[in-house]
Enquirer: 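Handing you a structure now.
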Amino acid sequence: MFRSRLIALLFILLAASCGGQGDKEIDQVLDTRTKAFETKDLPLYMTLISPDYKQEKKGKTIDLEEVEKNFRINVDLFDKLSVRNADRTINSDGKKAQVVQKTYVDASIDESKSKFRIIEKLSLARVNGKWLIVEESDADFFTGYVFGGSK
């Protein structure tokens, strides 16, 4: 009886620690994504995207070329971007993960500055042993930006 409880406890602890490691790896991917946005580094950003990326949105197929285009739309307009994430929730089964997070963006164009918050939903999957983004957020920094500054 004691032995079976000990084995069950060890199994639970092992499962919890494995999930924690996966979450740390996902956090690293998302932190690198934030860095890519702030530095406008498209090649860095694309290392985080699955090479088989294909997503259907509103009857349109989003592929790698469209992902690149969307990244440029989100960063090229701005002189400076500062991005931070909070309240990140990761639900993972070890092979696929769903992430929901609040993203706070400070953006500036010339002398005009704006701050805004967006809720992002992303999907990741293990591809060749590495966590990669398989569904990018619908978030659009341009839509959140208020011309003429913010309150």
Side-chain angles (χ1 to χ4, degrees), residues 12-151:
I12 291 169
L13 291 173
L14 178 63
S17 69
C18 289
Q21 178 63 28
D23 287 359
K24 287 179 185 178
E25 291 172 12
I26 293 168
D27 280 331
Q28 288 174 343
V29 168
L30 298 172
D31 292 346
T32 301
R33 176 180 176 265
T34 296
K35 180 182 176 183
F37 278 124
E38 290 183 328
T39 59
K40 302 179 182 186
D41 189 339
L42 178 60
L44 176 62
Y45 177 76
M46 293 308 292
T47 67
L48 308 172
I49 305 297
S50 171
D52 300 325
Y53 192 102
K54 287 231 187 292
Q55 182 180 1
E56 290 293 323
K57 283 188 184 179
K58 300 176 185 174
K60 182 178 180 182
T61 300
I62 308 296
D63 59 10
L64 288 174
E65 185 176 314
E66 193 71 19
V67 169
E68 287 184 19
K69 178 181 167 189
N70 290 339
F71 178 84
R72 290 187 188 283
I73 287 170
N74 271 319
V75 301
D76 285 351
L77 174 68
F78 302 106
D79 296 328
K80 184 176 180 186
L81 283 170
S82 176
V83 181
R84 116 184 126 75
N85 304 109
D87 300 331
R88 182 178 287 163
T89 303
I90 300 171
N91 292 313
S92 171
D93 65 7
K95 294 179 183 177
K96 294 183 179 180
Q98 301 295 317
V99 177
V100 177
Q101 64 185 4
K102 289 180 187 171
T103 300
Y104 297 89
V105 180
D106 293 341
S108 64
I109 302 172
D110 297 325
E111 298 299 316
S112 180
K113 296 179 181 179
S114 184
K115 295 181 180 192
F116 53 93
R117 180 191 75 165
I118 49 182
I119 304 294
E120 294 190 294
K121 297 175 187 171
L122 303 105
S123 297
L124 292 87
R126 280 206 177 274
V127 178
N128 297 324
K130 182 178 174 185
W131 284 105
L132 295 175
I133 298 169
V134 294
E135 287 185 20
E136 182 53 283
S137 167
D138 288 335
D140 180 351
F141 292 176
F142 182 74
T143 301
Y145 186 80
V146 177
F147 286 92
S150 63
K151 299 177 186 176

Enquirer: Taking the inter-plane angle between the rings of Tyr45 and Phe37 on a 0 to 90° scale, is it parallel (under 30°), tilted (30 to 60°) or perpendicular (over 60°)?
Expert: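 Judged by the thresholds at 30° and 60°, the geometry between Tyr45 and Phe37 is tilted.
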Enquirer: I'd like to know if the side chain of Asp79 and the backbone of Asp110 have a donor-acceptor N/O pair within less than 3.5 Å.
Expert: yes
Enquirer: I'd like to check Thr32 versus Leu48 (side-chain heavy atoms, cut-off strictly below 4.5 Å). Are they in contact?
Expert: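 In contact.
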Enquirer: For the CG atom of Asp106 and the NZ atom of Lys80, what is their distance to the nearest 0.5 Å?
Expert: 8.5 Å
Enquirer: Determine, for Arg126 against Glu25, whether the closest basic-nitrogen to carboxylate-oxygen distance falls under 4.0 angstrom.
Expert: yes
Enquirer: Less than 4.5 Å apart, side chain to side chain, heavy atoms only: is that true for Ile90 and Asp27?
Expert: yes
Enquirer: Kindly compute the distance separating CD (Glu120) from CG (Asp138), expressed to the nearest 0.5 Å.
Expert: 9.5 Å
Enquirer: Hydrogens and angles aside, do Thr61 and Glu56 bring a side-chain donor and acceptor to less than 3.5 Å of each other?
Expert: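 The criterion, which ignores hydrogens and geometry beyond distance, is satisfied for Glu56 and Thr61.
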Enquirer: From Glu66 CD over to Phe71 CZ, what is the distance, rounded to the nearest 0.5 angstrom?
Expert: 14.5 Å
Enquirer: How far apart are the closest heavy atoms of Glu38 and Val83, and which atoms are they?
Expert: OE2-N, 2.7 Å
Enquirer: Check whether any side-chain heavy atom of Met46 sits under 4.5 Å from a side-chain heavy atom of Leu64, and report yes or no.
Expert: yes
Enquirer: Does some side-chain heavy atom of Lys35 sit less than 4.5 Å from a side-chain heavy atom of Asp41?
Expert: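 Side chain of Asp41 against side chain of Lys35, heavy atoms only: no contact under 4.5 Å found.
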Enquirer: In Å, rounded to the nearest 0.5 Å, how long is the span from CG of Asp76 to NZ of Lys69?
Expert: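 Rounded to the nearest 0.5 Å, the CG-NZ separation comes to 12.5 Å.
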Enquirer: Less than 4.5 Å apart, side chain to side chain, heavy atoms only: is that true for Val99 and Arg88?
Expert: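 Side-chain contact under 4.5 Å: yes.
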Enquirer: Under a 4.5 Å cut-off applied to non-hydrogen side-chain atoms, are Leu132 and Val29 in contact?
Expert: no
Enquirer: Any non-hydrogen side-chain atom of Leu124 less than 4.5 Å from a side-chain atom of Ser92?
Expert: no
Enquirer: Per the side chain to side chain contact (heavy atoms under 4.5 Å, CB included) rule, which among Leu30, Ile119, Asn85 passes with Thr103?
Expert: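 Option passing the side chain to side chain contact (heavy atoms under 4.5 Å, CB included) with Thr103: Asn85.
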Enquirer: Compare all side-chain heavy atoms of Glu136 with those of Arg33 and state whether any distance is below 4.5 angstrom.
Expert: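 Touching, per the 4.5 Å side-chain cut-off.
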Enquirer: Looking only at heavy atoms, what is the nearest atom pair of Phe116 and Ala107, with distance?
Expert: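 What the structure gives for the nearest pair is CE2-CB, 4.2 Å.
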Enquirer: Of all heavy-atom pairs between Ser108 and Lys113, which one has the smallest distance, and what is that distance?
Expert: CB-CG, 3.8 Å
Enquirer: Any chance you could lay out the side-chain contact (heavy atoms from CB on, under 4.5 Å) test for Leu122 and Gln101, step after step, and finish with the verdict?
Expert: CA-CA 9 Å; Leu122 303 105; Gln101 64 185 4; 3.9 Å; yes
